[in-house]
Amino acid sequence: MADKSTFLPVPRVSKTRYSSLCSDDELLEEDSDLCYESMPEKRDVWIEDYSSLPSSQNSVYLPVTGRVSAQTAKADSTPQLTPVIKMGWLDKNPPQGSLIYQRRWVKLDADYLRYFDNDKEVYSKRIIPTSSITGVANVGDQKFEVVTHNRTFLFRAESDSERNEWVSVLQDMTGPARARVSSELTLNPMLTSEMRGYLELRGLRSKLYTVVCGDKVFLYKNTEDYKLGIGITSIDMNVGNVKDMDRRAFDLTTPYRIFSFIAETDQLKEQWVEAMRNSIAEALSNYEVAEQIWAEPANHKCADCGATKPEWAAINLCVVFCKRCAGQHRSLGPSISKVRSLKMDKKVWTNDLIQLFLALGNERANQFWAANVPPSEALSTCSSSEERRRFITAKYREGKYRRYHPLFGNQKELNNALCINVQSNDVCETLALVFCGADVNCDTGLPDAHSPIALAMNHGQPLQVEFLMQNRNTEIPRSETKLAVHAEHYMAPPSITHNGFLFKTASMARPITERKNKEEFSRRWCVLNDGNFNYYESDKNATPNGGLKMKEIVCLAVSPPETHGYDHSFEIYSDAERLYLFGTDNPETMREWVKSIAKSFIPQCAEELLQKDFERIGRLRYKDPLNLESSRVGWFCLVASTLHVCLEDGQGQETIHLQKLLELSRDNEVLVLVERGRTLYIEGERKLDFHGWAAAIERAAGSSGDTLSQQQLTEADIPVIVERCIHYITQYGLTSEGIYRKSGVNSKIAALLEAFRRDARSVWLKEGEQQVDDVSNVLKRFFRDIEEGLFGQQAHNWLSTTAVSDESRKVSQYQLLFNNMPRVNKATLRTLVNHLYCVQRFSEMNQMNLHNLAIVFGPTLFQTDGKDYNAGRVVEDLIQHYITIFHVNEQQLKRQLDEITYIIKLRDNLNPKTGPASGDFICTVYLEEKKETAEQHVKIPASMTAAELTFEILDRRKIAVKEKDYWCCFEVNDKEETERPLHYQERVLPILHSLGTDSHLLVKKHYSMEAMLVYLASKVDVTKHGMLKFREEKSLLGLTTGSFNDRYFMLNQTSLRLYKDVRSNRAEKEWPVKCLRVYQGIKKKLRPPTCWGLTVIYESEKTEKQEKQQWYLCCDTQTEMREWFATFLSIQHAGVLWPTEWVKSWAASRSAPLDTRLGNVSLIPLRGSENEMRNSVAAFTADPLALFGNL
Ligand SMILES: [Zn+2]
């Protein structure tokens, strides 16, 4: 135990003062207005008189030797540690019969209202617990009264404004909310006193009721006052010392005063002495922790309001604060702020925790928590409870003022950074990471340390471990404003009760993938009541086997019938990542349970969802592209292929038709739903329920059945498969003889159909990969197999219409039938007939006239197997009267046909006789810039190299090539704002296949080639290292909001390595060079710090994993960038960036573009600089085939 003086500053003792107020036989003032004060001039007595004391006894003896004067009048100079909220001079009402007010120094803190003789006095004349104050009121003339249960204290301030301030502070302190906190936090002497009874205070001829309680001694006038809680003063025992005196006497000595007590008996004296000594011991031990925490000067003031000597702390947030702020911290709940007392919760204060508080401390913690506090919102020691509540909620629950970590919003990056950082001793950074969203429980991916906690342990970082442990279940701040409302809604409506038997398996931490047999379930009596769901051994048991709170439930999922041994089952997911499976054989029982449980955890704002016949309901975090910074909480419910959503900013419920999504992708912890007009990112806040949701949504977004409307649809309500096939045939099949009539390859058709069935959105038909006849047959087979057929229930009416002899009546009959078709059928029929109309318009080439098409499509669409002749007639009629029946805009149709004609012509020109050979690809290449006049359509044979393509284009345009003109073919990505010069040996066809729609090929001069060649020629060893600004983009969907950070890179013959800094001896990341594709440029949206950037794409070689990463490197100068780029190319192409005899090789390619291998051999530089020679020859010698790597 440390010397108390080191941690508890006490007033400096300058000299012992023989105080007049300690004079013998001093008269006690009258306190109550029932009594009279006869000696009003005696202002500076310590203890006021009490009505019960006979006037002859109105004196108190306080030994003169024991009194020292307090030099400073400040609140923090007293041993009282509770922060003072307000203090000042007030006049107390005169005792009855007197007209003279008594001037008193009045102090208010969270627990007590006290008044003192003067501002130097340590021990009060009156101490009134704020919890016993029942009312505070203005009574005019600068006066106000403080009402307790049976006594009213009247004060007068110096001005009305001063009075109003007192009243408002007091009212705020004693309001209903305050009372609750106070009862929680204030020691109630009635309950915990260790010793109490009458003691005589020497000199005072009446006995005082004395209570030893915890680390304090309270003095009361009598038992009645004690019961009312209104005392004279309290003595903090941490500065006390007890001296045994003669017989029944003993002294309690403090630096400010000596209290000489006389017990009633010898025996009692012993008890008193012991009780007081225990109290001192307790007080001192209580200060042990506080003393250590306060050793860090920043911890000397409340982190929130600045009050001195804060005695409370949030052990997860690592801030120390005062009692008043503690009340507000408490109300945030332990998942946000784990409030502990420095004095009372001794057990939690392990050495590591204390060290953590010293390492962080209020100052450093506030550099994070309070980095952006507007002065208007800052607290002061006199802030009201309401102001505190607002501020503390904003600060810790919403994280409003926090310093955003640069990785904020990038979950994966944050987690990575956390894993790296916990190996160091930088707890500040860990605090910033965790409270910006890094997952304390994330998977490190390391076999020997699965979690950051384990990692920190392995690296001997006890403070990191301590911090992480304290934050294992912390809710990270969320900036959403509506959260408070949500939090209220987490409370289950207590009215929902339900009970009955269910069968339950053990709860688990991973998804259920296999069937659970009946044996794995146990019968449990389940009770849903008062916001809790508990299960018991039987309905006779009083103690539950387990259970969970409704507000812990994040998702409820109904399994399809017969999934498990019990036919009907449902799963409950908790926010602690547990999954509970319940089953029953009775569908009714299950429905009731599902309904009751859902009702009790779905908030009011999302209660519309409860009306749905959902298979899954719960809350998820989401982001939208307008606000990627912060994610919000939404309530989701899945019904068949529709996702109903109650978003925070939305007006009520919205629906997302999953089968009509433009895109649905899942990137580890994010599910991206792209609809027309909006993109929704659903985040995996918790793994378990997120994976359940993701799988269910993916399933629901696929085709849900065999009817037309159950397919994945385009926005126009046409099945994706129909649209893709028609598009393909229009592009490549209109001139194909016997299209739709010729049969394709059966196995290929089946495989393609299957692929469409699995996920139509992911099937892209490409020329060269698919044959037109296979695709045409896929379309036919789709219509032949679709349940209910394209014409549905009305098929017979369509068929009978053919019998109508009057043409115009027949047409209007068709129109009527068409108009009455279901939405999807209608759109599909229209599209199909439009297509067939176009096909027959080109029947000169494809031989498929109206009649031929009708023969093929009649039985297909009506699924009649050719038995009904009328089927063909209908199709014939529809095509023939296409314009009338479907109200076609003829202008539009003409434009469509013109387009098709153009396509056909174009293809004809390119392939005059034979048509494109299998695998050939026709593509558009631009010369010098992307504009229509610079367009060239080139047939790309599989063997064509970039050099050959370049020659071809230049040749067509009759462009003469000079020696130093480095004409090159670039792959340009408009959207990414990047470009990449193809290596002259690179084959073009694979590049074309990988090009997105926003990319194109462009032939232009490569202006930095010369500089790159010069640079490489100057190097003996083709490696490079240095600092680059690095930014990673894990999600390719633009979701990440990372930033550029300095990293050290090393590029050598085999790999590119990333180091955290120059001194790191272990690479953080490493990529094989051959798997990297490097582009010049970085899209501006990412705000690269310089304009000399490289975009790097890494594609893992393992085909089964298909990992693709994209990241960015930024150089400080153009030269730097060129050097890096040249080094990449040189390594990837074995030192040969450019053929030395460019013009010669061009000429050669014109005459004999035969075997590219031969062509390449001649490209080994036979002249050139020494280095060039050496590099090339060395590479060739080492691996002669390396030069053909791209072939
Ligand atoms: Zn405070």
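Order of appearance sets the numbers: ligands from 1, and atoms from 1 within every ligand.
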Partner residues of Ser159 under the side-chain contact (heavy atoms from CB on, under 4.5 Å) criterion, sequence neighbours left out: Ser161, Glu162
Contacts of type salt bridge (Lys or Arg N to Asp or Glu O under 4.0 Å), residue Arg364, not counting sequence neighbours: Glu296
Which residues share a salt bridge (Lys or Arg N to Asp or Glu O under 4.0 Å) with Asp160, sequence neighbours left out: Arg163
Pair Glu121 + Arg257: basic N to acidic O under 4.0 Å: yes
Arg324 bridged to Asp109 by N-O distance under 4.0 Å: no
The Zn ion (ligand 1): protein N, O or S atoms that are less than 2.8 Å away, sorted by chain: Cys302 SG, Cys305 SG, Cys322 SG, Cys325 SG
Enclosure of Glu363 CD (heavy-atom neighbours >12, cutoff 6.0 Å): no
